[in-house]
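Order of the sequence lines sets the chain letters (A, B, ...), proteins ahead of strands, with each chain counted from 1. What's counted below: heavy atoms across the whole structure, side chains too, no hydrogens, waters or symmetry copies.
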There are 2 protein chains.
Amino acid sequence: MLVKRTYTQEELTALLQRHGINPTAQRLEIARLLFARAEHVSAEDVFMLVNTAATPVSKATVYNTLGLFAERGLIREVIADPNKVFYDPNTAPHYHFYDVATGQLTDIDAEGVQITGLPSLPEGARMEGVDVIVRLRQSDRPTH
Amino acid sequence: MLVKRTYTQEELTALLQRHGINPTAQRLEIARLLFARAEHVSAEDVFMLVNTAATPVSKATVYNTLGLFAERGLIREVIADPNKVFYDPNTAPHYHFYDVATGQLTDIDAEGVQITGLPSLPEGARMEGVDVIVRLRQSDRPTH
DNA sequence: AAACCATCTATAATCATTCTAAATCGACAC
DNA sequence: GTGTCGATTTAGAATGATTATAGATGGTTT
Ligand SMILES: [Mn+2]
Ligand SMILES: [Mn+2]
Ligand SMILES: [Zn+2]
Ligand SMILES: [Zn+2]
C-alpha cells in the first residue's frame, strides 16, 4: 500500500538513481509531485501541477519525463480512457475501477483478488502485467 | 464462441433491427465485414476494408457507425492500445492478450477464467463490464 | 575559455477522433 | 411523377493528445 507523503530531496534523488535516472531539477520536481499525491494523473494534470509551482517545466519535458519514469518502472501507465494515458505512482500489482462518465480511476487492492484459469501464454511470450479494469457507471437516478 | 461466417442480407438486417439500428446500406456493409472477420479491428481498418469493396463509405460514417454499434451493444470497444480503439464483434464476456510490441489483440475465452475477491462497487455504481488485458512481450531472443 | 554531452524547450507535425454544415436518400403525401 | 421531411452520409475543418525537430541551456571536463 502506497502511503501519501512528502519525500525529502535526498530520498527522491536516491529513488530516481535506483531506477537509473539522472535526477535533474525537472525530474525531481515531477517525481515529488507524483509521489506526494499518489493519484492517477494525466500528462496534462502533471503539466498544470508542476507549473503552479515557481519553476516552469515545458510540456515536452513532462511527456519525456513521464515516459522515462514509466520505462524505468518508477511509475506505470494505465490505459483505461481512450483519450489519455494515466500515470500511476503505485507500481505494486493492483487493479482499477474506472468511472466511464467522469473518467475517475480508483485503485482496487490486489490483496484478496484472485484471477485463475488464464490460459498459458503464446509461445515465446513473456507477461508484462495483467490489467483489470472494472468499468462503472453511476446510476442515473440519484439516491434521495 | 463466435463463429466466423457470412451472414445473408436478411440476417444482418434483422441483427441491426434487433439492436434498434436502422439498417442502411453503409451500416449493413460495415456489419457484414465486422462479423465476417470476427477479429479486432480499428476504425482505420474498417475504413480500408469497407473501401476495397465497390461502394465507398466515408470516414465519418465509419466512426459514426462503429460508435452507434458499440452504443447499442452490437459490438464492443476494447481500450488496450493508447493510440486507437479496437472494436470487437464478440460481445460475449471474454478477455484479451495484448502484444505490446505489435499491437495484436487475441481473445482469451472467459470459460475457465475466474476473478474472485473484487471489492463491492462504490455506492450507486453499476458495473458495465470487467476488462482483463494480459500484456505480453515477445522474448527478444528468438527460439533457434 | 572551448568542447562536450545531456537535457530542456518552443514549436511544428502527426494522427486518431470529433465536429460542422451542406449534400443525399428514402419514405410518404399529393 | 413531384414535393416535402427527417434521417443519414459526406467532405473537410477542427480538436487534442502525443511525438518529433532542432536549437538553447547547463553543467562538466580539458
Ligand atoms: Mn483518442
Ligand atoms: Mn494517443
Ligand atoms: Zn492505481
Ligand atoms: Zn475479443
Check the distance between [N]'s [atom2] and [X]'s [atom1] and give it to me in whole angstrom.
X	N	atom1	atom2	value
B:Lys84	C:dT18	NZ	C1'	19 Å
A:Leu68	D:dT19	CG	P	13 Å
B:Leu28	D:dT9	CG	C1'	15 Å
B:Glu44	C:dC15	CD	C1'	10 Å
A:Phe47	D:dG16	CZ	P	15 Å
B:Glu29	D:dT10	CD	P	12 Å
A:Asp81	C:dT17	CG	C1'	13 Å
A:Asn83	D:dA14	CG	C1'	15 Å

Look at the side-chain N and O atoms of [X] and state whether any lies under 4.0 Å from the OP1 or OP2 oxygen of [N].
X	N	value
B:Ser58	D:dT10	yes
B:Tyr63	C:dT18	no
A:Asn22	C:dT7	yes

Choose from D:dT9, C:dT9, D:dT18 the nucleotide whose nearest atom is closest to any side-chain atom of B:Asn64.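 The nucleotide sitting nearest to the side chain is D:dT9.
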A:Ala43 has its side chain closest, among D:dT9, D:dT18, D:dA11, to D:dT18
For the residue pair A:Phe35 and A:Pro89, what are the closest heavy atoms and their distance?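 The answer is CE2-O, 3.6 Å.
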Atom of A:His96, atom of A:Val78 and distance for their closest heavy-atom approach: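 It is CE1-CG2, 3.8 Å.
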Are the side chains of B:Tyr95 and B:Val113 in contact, using a 4.5 Å heavy-atom criterion?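 SC-SC contact between B:Val113 and B:Tyr95 confirmed.
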With the side chain counted from C-beta on, respond yes when B:Ile21 and B:Phe69 share a heavy-atom pair under 4.5 Å apart, and no when they do not.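 B:Ile21 vs B:Phe69: side chains touch.
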Under 4.0 angstrom, heavy atoms only, what part of the nucleic acid is [X] near: base, sugar-phosphate, or nothing?
X	result
B:Pro23	nothing
A:Gln26	sugar-phosphate
A:Thr24	sugar-phosphate

Going through the checks in order, is the side chain to side chain donor-acceptor pair (under 3.5 Å) test met by A:Asp88 and A:His40? CA-CA 5 Å; A:Asp88 192 340; A:His40 308 94; 3.1 Å; yes
